[in-house]
Amino acid sequence: MTSDAEFAAQLARDTGQILLGVQRSALLEGHDLGDAGDLLAQEFIARVLGVRKPLDAVLSEEARDSAARLKARRVWIIDPLDGTSEFRRRGQDWAVHIALVEHGEPTAAAVSLPPRGKVFQSDTVPKATGLLTGRLIASRGRTPFEALLVAKRLHLQLVQANSAGVKAMAVVEGEADAYVHAGGQHQWDSAAPVGVALAAGLWCSRLSGAPLRYNGPDTYLPDLLICRMELKDEILSVLHAQRN
């Protein structure tokens with residue numbers, strides 16, 4: 001019997017293959033290419049969940065929300081194409097997010113990075129260990145003040161990427177020590193990355209240190225910290241001092 005994490009990984013992998021085919025097409029450009037990717041990925045995931053998980057609720061960036069999910073025990077929170085702007089430029093910083101949330105927490109999750117041929121699965125991801133890199137990853141183009149502050153105060157090199165999944169998996173893989181985000185995410189942006197990161201033994205929270213809770217009535221979940229456990233107290237201390 002396929003576990004929820006195995007199912008999430010297969011769904012993320014298969015969706016990624018569809019998106020790679022769309023991205024390689026020369027028939028569409030720009031926003032039309034991004035729209036096609038969003039639509040086709042959403043339709044495929046929705047069809048698979050409807051057939052394979054018909055009793056579960058779904059929250060997706062690309063589908064109409066339903067209040068029925070608030071009473072559901074199992075809710076799939078998905079971002080069919082995280083990093084659409086990068087996808088339509090035919091870049092590599094995009095991902096597929098699939099997470100199962102129960103009682104507000106991700107219990108099975110997968111993040112696919114199709115251009116890199118990688119799928120991270122919550123029940124098989126290795127623990128994040130090894131030497132610290134001295135790098136902090138944050139959003140490219142609109143790097144939040146909080147990320148700049150933490151990097152400066154802790155003498156960390158700032159590196160940038162577009163997709164939340166790409167940034168979170170950089171910490172999971174040991175390419176960066178922390179991912180700091182503020183201002184402008186929803187539950188589907190972080191549910192799967194957080195599910196994988198927690199399984200890898202990383203610290204995941206709001207920038208205040210409060211726990212991340214999913215399947216709430218308001219999908220807006222604007223800030224996020226994913227980091228190595230060795231750094232979480234220092235980072236939260238910097239962020240706390242900035243607020244006070």
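What you see is a predicted model, and the numbers here were worked out from it, not measured in a lab.
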request  = Output, in order, the C-alpha distance, side-chain angles, deciding distance and verdict of side chain to side chain contact (heavy atoms under 4.5 Å, CB included) for Lys167 and Ser139.
outcome  = CA-CA 8 Å; Lys167 293 190 283 279; Ser139 297; 3.5 Å; yes
Side chain to side chain, Leu224 and Tyr179, heavy atoms closer than 4.5 Å = yes
note = Tightest non-hydrogen contact, residues Ala95 and Pro114, listed as CA-CD, 4.3 Å
Distance-only donor-acceptor check, side chains Glu102 and Thr107, under 3.5 Å = yes
query = Are Phe120 and Ile226 joined in one hydrophobic group, where the rule is that I, L, V, M, F, W and Y side chains link up if heavy atoms are under 4.5 Å apart?
reply = yes
request  = Kindly compute the distance separating OH (Tyr214) from OG1 (Thr219), expressed to the nearest 0.5 Å.
outcome  = 12.0 Å
query = Looking at His181, Arg206, Gln185, which hits side chain to side chain donor-acceptor pair (under 3.5 Å) with Asp223?
reply = Arg206
ask   = Are the charged groups of Arg88 and Asp35 less than 4.0 angstrom apart, N to O?
value = no
request  = Would you please test Glu234 and Arg153 for salt bridge (charged side-chain N to carboxylate O under 4.0 Å, His left out) and show each step?
outcome  = CA-CA 9 Å; Glu234 290 180 274; Arg153 293 287 174 82; over 6 Å; no
ask   = Is it the case that more than 12 heavy atoms not belonging to Arg52 sit under 6.0 Å from its CZ atom?
value = no
note = Separation between OG1 (Thr143) and CG (Leu148), nearest 0.5 Å, reads 5.5 Å
request  = Determine, step by step, whether Leu202 and Val172 satisfy the side chain to side chain contact (heavy atoms under 4.5 Å, CB included) criterion, reporting the C-alpha distance in whole Å, the side-chain angles of both residues, the deciding distance to 0.1 Å, and the verdict.
outcome  = CA-CA 8 Å; Leu202 295 167; Val172 168; 3.8 Å; yes
query = Applying the 4.5 Å side-chain criterion to the ILVMFWY set and letting contacts propagate, would Trp203 and Val196 be lumped into a single cluster?
reply = no
inquiry  = So does Ala176 get a backbone contact from the side chain of Arg228, meaning a donor-acceptor N/O pair under 3.5 Å?
reply    = no
ask   = Going by heavy atoms in the side chains, are Phe145 and Gln242 under 4.5 Å from each other?
value = yes
Heavy-atom check, side chain of Trp94 versus side chain of Thr84, under 4.5 Å = no
ask   = Are Asp123 and Ser3 close enough that some pair of their side-chain heavy atoms sits under 4.5 Å apart?
value = yes
query = Honestly curious: do Ile77 and Leu100 fall in one hydrophobic cluster under the side-chain, below-4.5 Å linking rule?
reply = no
task = Starting from the C-alpha separation in whole Å, work towards a yes-or-no answer on side chain to side chain contact (heavy atoms under 4.5 Å, CB included) for Val58 and Arg69.
result = CA-CA 7 Å; Val58 180; Arg69 67 177 171 80; over 6 Å; no
inquiry  = For the residue pair Asp38 / Gln42, report whether a side-chain donor-acceptor contact shorter than 3.5 Å exists.
reply    = no
message = With a 6.0 Å cut-off on the ring centroids, do Trp76 and Phe7 count as close?
response = yes
task = Before giving the answer on side chain to side chain contact (heavy atoms under 4.5 Å, CB included), spell out for Ile45 and Ile98 the whole-Å C-alpha distance, their side-chain angles and the decisive distance to 0.1 Å.
result = CA-CA 9 Å; Ile45 292 171; Ile98 309 289; 3.9 Å; yes
task = Would you indicate whether the side-chain heavy atoms of Glu61 and His186 approach each other to under 4.5 Å?
result = no
query = Rounded to the nearest 0.5 Å, how far does CD of Gln10 lie from OG1 of Thr15?
reply = 9.5 Å
ask   = Can you tell me how far SG of Cys204 sits from CD of Glu105, rounded to the nearest 0.5 angstrom?
value = 11.0 Å
inquiry  = Taking the side chain as everything from C-beta on, heavy atoms only, tell me whether Val159 gets closer than 4.5 Å to Leu136.
reply    = no
key: Heavy-atom side-chain proximity of Leu221 to Ser190 below 4.5 angstrom   = yes
ask   = Distance from Leu70 atom CG to Leu59 atom CG, nearest 0.5 Å?
value = 9.0 Å
message = Which residue in the set Leu132, Ile137, Val171, Leu131 passes side chain to side chain contact (heavy atoms under 4.5 Å, CB included) when paired with Asp177?
response = Leu132
query = Between Asp4 and Lys53, is there a salt bridge with N-O shorter than 4.0 Å?
reply = yes
ask   = Does Leu156 belong to the same Ile/Leu/Val/Met/Phe/Trp/Tyr cluster as Leu239, with side-chain heavy atoms less than 4.5 Å apart forming each link?
value = yes
task = May I ask you to test the Val119-Val111 pair for a side-chain heavy-atom distance under 4.5 Å?
result = no
key: Atom CZ of Arg243: over 12 foreign heavy atoms under 6.0 Å   = yes
task = Look at Asp93 together with Arg116 and state whether they make a salt bridge at an N to O cut-off of under 4.0 Å.
result = yes
note = side chain to side chain contact (heavy atoms under 4.5 Å, CB included) with Glu146: of Leu225, Val180, Val238, only one passes, and it is Val180
Leu49 CG to Ile78 CD1 distance, which is reported to the nearest 0.5 Å = 6.0 Å
ask   = Is Arg89 atom CZ crowded by more than 12 heavy atoms from other residues, nucleotides or ligands, each under 6.0 Å away?
value = yes
message = Are Leu11 and Leu19 connected into the same hydrophobic cluster when the rule is that any two of I, L, V, M, F, W, Y join if their side-chain heavy atoms are below 4.5 Å apart?
response = yes
